[in-house]
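A short worksheet on the structure shown next.
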Protein chains: 2
Amino acid sequence: MTQTQEQELEQDLDLVAVFKALGHPTRLAILGWLKDPESFPPQDQPAGEVGVCLKHIQARAEVSQSTASQFMAILQRAGLVTCTRIGQWSHYSRNERAIEALGQKVTLSI
Amino acid sequence: MTQTQEQELEQDLDLVAVFKALGHPTRLAILGWLKDPESFPPQDQPAGEVGVCLKHIQARAEVSQSTASQFMAILQRAGLVTCTRIGQWSHYSRNERAIEALGQKVTLSI
DNA sequence: GCACACCATCGGTAAATACCGATATTGCGA
DNA sequence: TCGCAATATCGGTATTTACCGATGGTGTGC
């Protein structure tokens with residue numbers, strides 16, 4: 001488990017950063033797409049286990065490589081996704097615990 | 001019931017607009033403050049019933065009158081607050097049903 | 001009617017975000 | 001080692017957002 005994951009599970013979410021990350025139609029859509037990793041094209045490692053490779057996210061979002069990378073970095077810094085690097089690929093998955101915590105927090109403390 | 005309230009209760013929340021509205025520290029704080037309307041200075045109409053007058057929100061947020069007005073308009077367009085105009089005062093309250101619906105939506109469909 | 005208070009909107013500038021192409025970094029296979 | 005593929009980061013421009021003061025509309029009391 002990476003430093004970032006650990007932090008996001010222990011420490012509270014920064015709600016403003018989370019809302020900023022979600023306040024963009026493409027980023028919000030990406031988070032939705034990641035609920036069904038198998039819907040992406042096949043890749044060396046199974047998407048259901050390690051996450052979806054950036055290339056596939058970029059292709060579906062129809063943005064440049066750098067924009068896709070930045071989108072995922074924003075989602076990751078907000079704690080909403082995690083990144084598993086295997087070889088030259090960065091695989092992204094939803095951080096379900098953080099997303100569940102967000103739902104709780106919206107319901108209880110917004 | 002106003003047109004806007006009706007719309008926001010019937011029709012689905014625009015999640016991106018909601019997240020944009022909440023992706024600002026002051027606006028997020030205002031929404032929290034409105035949970036305790038009585039904590040604001042007294043006003044002609046009881047804040048618990050009609051909402052908090054803009055002047056008081058402006059004072060606590062320490063922004064200009066125009067900025068305060070715009071903040072509340074953004075929250076209102078996102079459906080998170082409602083506005084009750086009485087005489088020359090605009091009173092703002094949390095739209096608890098919309099906020100609850102947001103919690104549901106975050107939990108179920110994000 | 002007039003003066004005043006409250007608020008929304010206009011018009012502007014400053015700051016932040018979006019987005020891209022180019023470049024740097026890293027891993028892999030020949 | 002070299003070249004290539006995947007990704008992160010840099011440097012720039014365009015767009016959006018933040019924020020204010022000024023202005024305008026509306027209600028209230030004199």
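Below, chain A is the first sequence line, B the second, and so on; all start at residue 1. Any value given below was found using the heavy atoms of this structure, including those in side chains, with hydrogens, waters and symmetry copies removed. Just so you know, these numbers come straight off a predicted model, no measurement behind them.
- Following rounding to the nearest Å, A:Trp89 (CH2) and C:dT26 (C1') show an atom-to-atom distance of 12 Å.
- At C:dC7, none of the side-chain N or O atoms of B:Tyr92 fall inside 4.0 Å of OP1 or OP2 (strictly under the cut-off).
- Of the two residues contacting DNA chain C, namely A:Lys20 and A:Gly87, the nearest-nucleotide position lying further toward the 5' end is that of A:Lys20.
- The side chain of A:Lys55 sits closest to D:dT7 out of D:dC19, D:dT7, C:dG21.
- For D:dG21, the base has a donor-acceptor partner in the side chain of B:Ser66 [N/O atoms by modelled type, under 3.5 angstrom].
- In terms of position on DNA chain C, the residue among A:Arg27 and B:Gln70 whose nearest nucleotide sits closer to the 5' end is B:Gln70.
- Here C:dT9 presents its C1' atom at 16 Å from CZ of B:Phe71, a figure rounded to the nearest Å.
- At least one donor-acceptor pair closer than 3.5 Å links the side chain of B:Gln43 to the backbone N or O of B:Cys53.
- With D:dC20, D:dA18, D:dA22 as the candidates, the nucleotide lying closest to the side chain of B:Gln65 is D:dA22.
- With distances taken from any side-chain atom of B:His24 to the nucleotides C:dC7, D:dA18, C:dC19, the minimum falls on D:dA18.
- Annotation: B:Phe19 is not in aromatic contact with A:His24 [ring centroid separation under 6.0 Å not met].
- As a whole-Å value, the separation of A:Gln88 CD from D:dA6 P is 7 Å.
- Side-chain contact check for B:His91 and B:Gln45: no donor-acceptor pair (N or O, by modelled atom type) lies under 3.5 Å.
- In the model, A:Thr67 has a side-chain atom that pairs as donor or acceptor with a side-chain atom of A:Ser64 under 3.5 Å.
- Within 4.0 Å of B:Ser90, counting heavy atoms only, lie sugar-phosphate atoms of the nucleic acid but no base atom.
- Residue-level contact check: B:Ser69 touches the bases, meaning some heavy atom is under 4.0 Å from a base atom.
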